[in-house]
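Chain naming here is simple, since letters A, B, ... match the order of the sequence lines and numbering starts at 1 in each.
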Amino acid sequence: MPLIEVSRLTKVYQVPLRQPGFTGAALSLVRPSYKAVTAVDGIDFTIQAGEMVGYIGPNGAGKSTTIKLLCGVLAPTSGSVSVGGLDPHRRRMENARRIGLVYGQRSQLLWDLPVRETFYLLRRIYQVPESTYRENLADFGRTFEIDAVWDTPVRLLSLGQRMRAELAAALIHSPPIVYLDEPTIGLDVLAKSRIREFLRQMNRRRGTTVILTTHDLRDVEEVCDRIIMIHQGRLVYDGALEGLRGTFGERCTLTLELEEAAGGAVAPEVALDDDVRLIKADGKRVELAFDRRRISAPEVIARACAVLPVRDLVLRETDLESVVKQVYGGNGIENGNGNGEGRGGGEP
Amino acid sequence: MNVLTNFIPLPGPLRYLAYTRAAVARVLAYRVNFWMGAVGTVLGMTIQYYLWTAIYHGEDGALAGYGAVEALTYVILGQALQGFLHPEGDPLGRKVRDGSIAVDLARPADWQWVVFWDYLGGSLFRWLTTGVPAMVLFTVVGAVAAPPSLGAFLVFLVSAFLGFVLLFAWHFLFGLLSFWTKGGGLIDLKATAVSLFSGALVPLEFYPPGLRRMAMALPFRGIYYLPLSIYTGRLGAGEAAGALGWQAAWAVGLFLMARVLWRRATRSLVIHGG
């Protein structure tokens, strides 16, 4: 039996609609009108205990709403969620004891107080046994650098310090299921890789199930065995990472600005083999995509500079948002059933 | 499913005291605010003293059945209690509006109790550190009368606590309505109803008969009027016991009502911002 079962899950928000202008505002006092916004639209998936799943999609795709439905914070409009045999909304308290949660956009730390006060509170609320509490804190020490900020009020922490404290706070009661909404946002490369390593270890040692939403491709690549992708509230891909490899492969984009527009004509010379692909040559702008594991960035730059009059360049890592866009087009899944790549793909 | 079986046993109600502790720590974290609040309370009590001394100036008799000392005791203690009974701002509605309720709901804690123990922490701490010493000071200099007996004082403490529970219950009920109204207007309505009908400003006997009958019929008088009347000795032992029962009944009733409403509210919860 799977640990998490989501079936035909739908969440519709009633969003108040305001007519423009003063008359509209006055009118909405007397007769408020609402618009139904479907944040999650008939999603199905199951997750086994011990899986590490990347739950991805562009902004506004319904990721956070799904996480809140899984936590029981929100009630589904229709469809059902079952986590370890429980309906997480109806049995919110029981469900809450076995989940750990990091919201990317809001803090669970006590804002005005030193970091230690949050841990004191969580220890009481989750009734964490003394030994587990000590063990976990010691375990977190290196990864989350919690000792260094222990006595610092949360409001004085840097974003990176705060995110590490958030993670430690979410894991202090050794939850078997962990939902992480953008857990590496604002962290430097070293801190990110430490956290990924920690998550992998936790999964190996304790069999913790991890569901992770992220914008960072590396989080997915290095942590998750499986990805579930949603777009406009609907499931568009569910399966192994390799299924999207073709797009994921081209991890870097190099944008070149040329001295003269004519340069664009020779741009294809840079993309001679499979390692470098020409995305766009548009007057003075040339865009190249390449896979960093097959060819290094300096090499690509050197190759480009050898044949093109490069004036300036920007190197950037492909983020998930553009992957989703590349796979499903800018305006999503308009032709409904053309996305049966993974299991349980979009249904009519 | 093995991963799910080794949980911690169901935690006891005392764990909510952690929220009380955090609330006290929060008061202490902003020392300037704390001292400003303390000065404000003492100043308010002093103003009441001069105001009511002026009102009774040249009156040798009683007003609305209150002698000068009893009236002064009532209003000055009322002022001291406001620091205790009055929650700062509208934390509950704010949690709903800014979406931080999502954090509370992801924890294995009953939200009504979380908010209750949180309120109690800040209120009790401010009252013990400001209201009580100020009251002692005003008693020592002879501005107000001491309670008639130790027994009356103890009954007053219980009654004041029930007053707090009542005020909390109203606050929670009205706060829940912001789930539907998505705004804070109702909290202002509640504040007006409380200050008018609870006897926070003047003893209810001072009201014109119609308003007075209304205030006596409504449950708001359990918040200030009853505890203060026990303190001044206006209510004898028997009446005081009745008052406690009345307060307790309303407190439980409102608490349960809030619970039912809360269940419904969670179904229609919308969480703003991510």
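- Proximity to chain B is limited to the side chain of A:Leu101, based on heavy atoms less than 4.5 angstrom apart.
- A:Leu122 touches chain B through its side chain: at least one heavy atom from C-beta onward sits under 4.5 Å away, while N, CA, C and O do not.
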Solution key, residues 110-118 of chain A side-chain donor-acceptor pairs under 3.5 Å, sequence neighbours excluded:
residue, atom, partner, partner atom, Å
A:Asp112, OD1, B:Tyr30, OH, 2.7
A:Arg116, NE, A:Asp151, OD1, 2.7
A:Glu117, OE1, B:Arg21, NE, 3.2
A:Glu117, OE1, B:Arg21, NH2, 3.4
A:Glu117, OE2, B:Arg21, NH2, 3.1
A:Thr118, OG1, A:Leu110, N, 2.9

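- For A:Trp150 and A:Phe119, the ring centers sit closer than 6.0 Å to each other.
- Between A:His173 and A:Tyr133, the ring centre distance reaches or exceeds 6.0 Å.
- Residues A:Thr213 and A:Glu182 have side chains that never bring a donor and an acceptor to within less than 3.5 angstrom of each other.
- For A:Arg155, the part lying under 4.5 angstrom from a heavy atom of chain B is the side chain only.
- Looking at A:Thr132, neither its backbone nor its side chain comes within 4.5 Å of chain B, counting heavy atoms on both sides.
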